[in-house]
Amino acid sequence: MNTPDHGVRSDGPVVALVPAAGRGVRLGESIPKAFVTVGGTPMVRLAVEGLIASGVVDRIIVMVPTELVDSAVALLPPSGSVQVVVGGAERIDSVRAGVAAAPDAAYFLVHDAARALTPPELIARVVAELRTGHRAVIPGLPVTDTIKAVDPTGTVTGTPDRAQLRAIQTPQGFAAELLRSAYAAEGVQATDDAGLVERFGVQVRTIPGDPMAFKITTRLDLVLANAVLDGAGIQAVAP
Ligand code: C5P
């Protein structure tokens, strides 16, 4: 084999974990964000459909607020490979619950329900890269804004070189034992899963992301997502 081998099994179930337990207050809706519809379909269902359409995922575990387990089961595709579990107070707690529900996984994908329009092709690329032996694979796009570091008063403390920055998306892919170790540590905090495994000194590989994998966080994102599904602007956002 001509591909790098970093000690990962090249076979075994790929389990996708879909954190969908956020309250999503920035979206300004009265229901949790993952259940808000885009083009008439709840985001969490769109995200799950994308994972299924990729053809590279064996099982999907969706983490939702405790009171919405039954609704989630009802609205997700009726498939034996889709399971719903209760999430947690923070995203990290929700992902931990998903990890615990898949002791047999060889690989994990962690994929935000809020990235509802992620192309299946991007999901397949992440898994293909894992199967070549990379233990942590994340999609990212070059940033278009200049990013400043600021102190608590808002005073600029630095301007990182934009060429070296990437805006990171999901799905983030991991060799399963690596993600399990990351989540087994006490008191872990990070805004993404790769941030946890970076602490182990593991090389995290970035691959080109996709503009359509944007996270639907604000009202403006929701307007954009609906416009994309309506057909308006698909040409404009194609990479
Ligand atoms: O809030 P944010 O946009 O970062 O959330 C990213 C994803 O994590 C969303 O899909 C959200 O539903 C999920 N999440 C979760 N459990 C939480 C908070 C967020 O599953 N407690």
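What's counted below: heavy atoms across the whole structure, side chains too, no hydrogens, waters or symmetry copies. Atoms within each ligand, like the ligands themselves, are counted from 1 in listed order.
No side-chain donor-acceptor contact under 3.5 Å links Q169 to the backbone of G209.
Annotation: the span from F174 atom CZ to L109 atom CG amounts to 9.5 Å, rounded to 0.5 Å. Note: L17 CG to D193 CG = 8.5 Å, rounded to the nearest 0.5 Å.
Counting only residues at least two apart or in different chains, side chain to side chain donor-acceptor pair (under 3.5 Å) contacts with residues 43-52 comprise R45-E49.
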For residues 76-90, dump all side-chain donor-acceptor pairs below 3.5 Å to protein atoms at least two apart in sequence or in another chain.
from: S79; atom 1: OG; to: S81; atom 2: N; distance (Å): 3.0
from: S79; atom 1: OG; to: S81; atom 2: OG; distance (Å): 2.7

Please tabulate, one line per pair, the protein N or O atoms found under 3.5 Å from any N or O atom of ligand 1, giving the distance to one decimal.
from: ligand 1; atom 1: 1 (O); to: R26; atom 2: NH2; distance (Å): 3.1
from: ligand 1; atom 1: 3 (O); to: R26; atom 2: NH2; distance (Å): 3.4
from: ligand 1; atom 1: 3 (O); to: K33; atom 2: NZ; distance (Å): 2.8
from: ligand 1; atom 1: 3 (O); to: K215; atom 2: NZ; distance (Å): 3.2
from: ligand 1; atom 1: 4 (O); to: K215; atom 2: NZ; distance (Å): 3.2
from: ligand 1; atom 1: 10 (O); to: P19; atom 2: O; distance (Å): 2.7
from: ligand 1; atom 1: 10 (O); to: A113; atom 2: N; distance (Å): 3.3
from: ligand 1; atom 1: 10 (O); to: A114; atom 2: N; distance (Å): 3.4
from: ligand 1; atom 1: 12 (O); to: A21; atom 2: N; distance (Å): 3.4
from: ligand 1; atom 1: 12 (O); to: G22; atom 2: N; distance (Å): 3.0
from: ligand 1; atom 1: 14 (N); to: G22; atom 2: N; distance (Å): 3.3
from: ligand 1; atom 1: 16 (N); to: S94; atom 2: OG; distance (Å): 2.7
from: ligand 1; atom 1: 20 (O); to: A20; atom 2: N; distance (Å): 3.2
from: ligand 1; atom 1: 20 (O); to: A21; atom 2: N; distance (Å): 2.8
from: ligand 1; atom 1: 20 (O); to: S94; atom 2: OG; distance (Å): 3.3
from: ligand 1; atom 1: 21 (N); to: G88; atom 2: O; distance (Å): 2.8
from: ligand 1; atom 1: 21 (N); to: A89; atom 2: O; distance (Å): 3.0
from: ligand 1; atom 1: 21 (N); to: E90; atom 2: N; distance (Å): 3.4
from: ligand 1; atom 1: 21 (N); to: E90; atom 2: O; distance (Å): 3.4
from: ligand 1; atom 1: 21 (N); to: R91; atom 2: N; distance (Å): 3.4

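Partners of A113 according to the side-chain contact (heavy atoms from CB on, under 4.5 Å) rule, which considers only residues two or more places apart in sequence or in another chain, are V18, A20, A34, V44.
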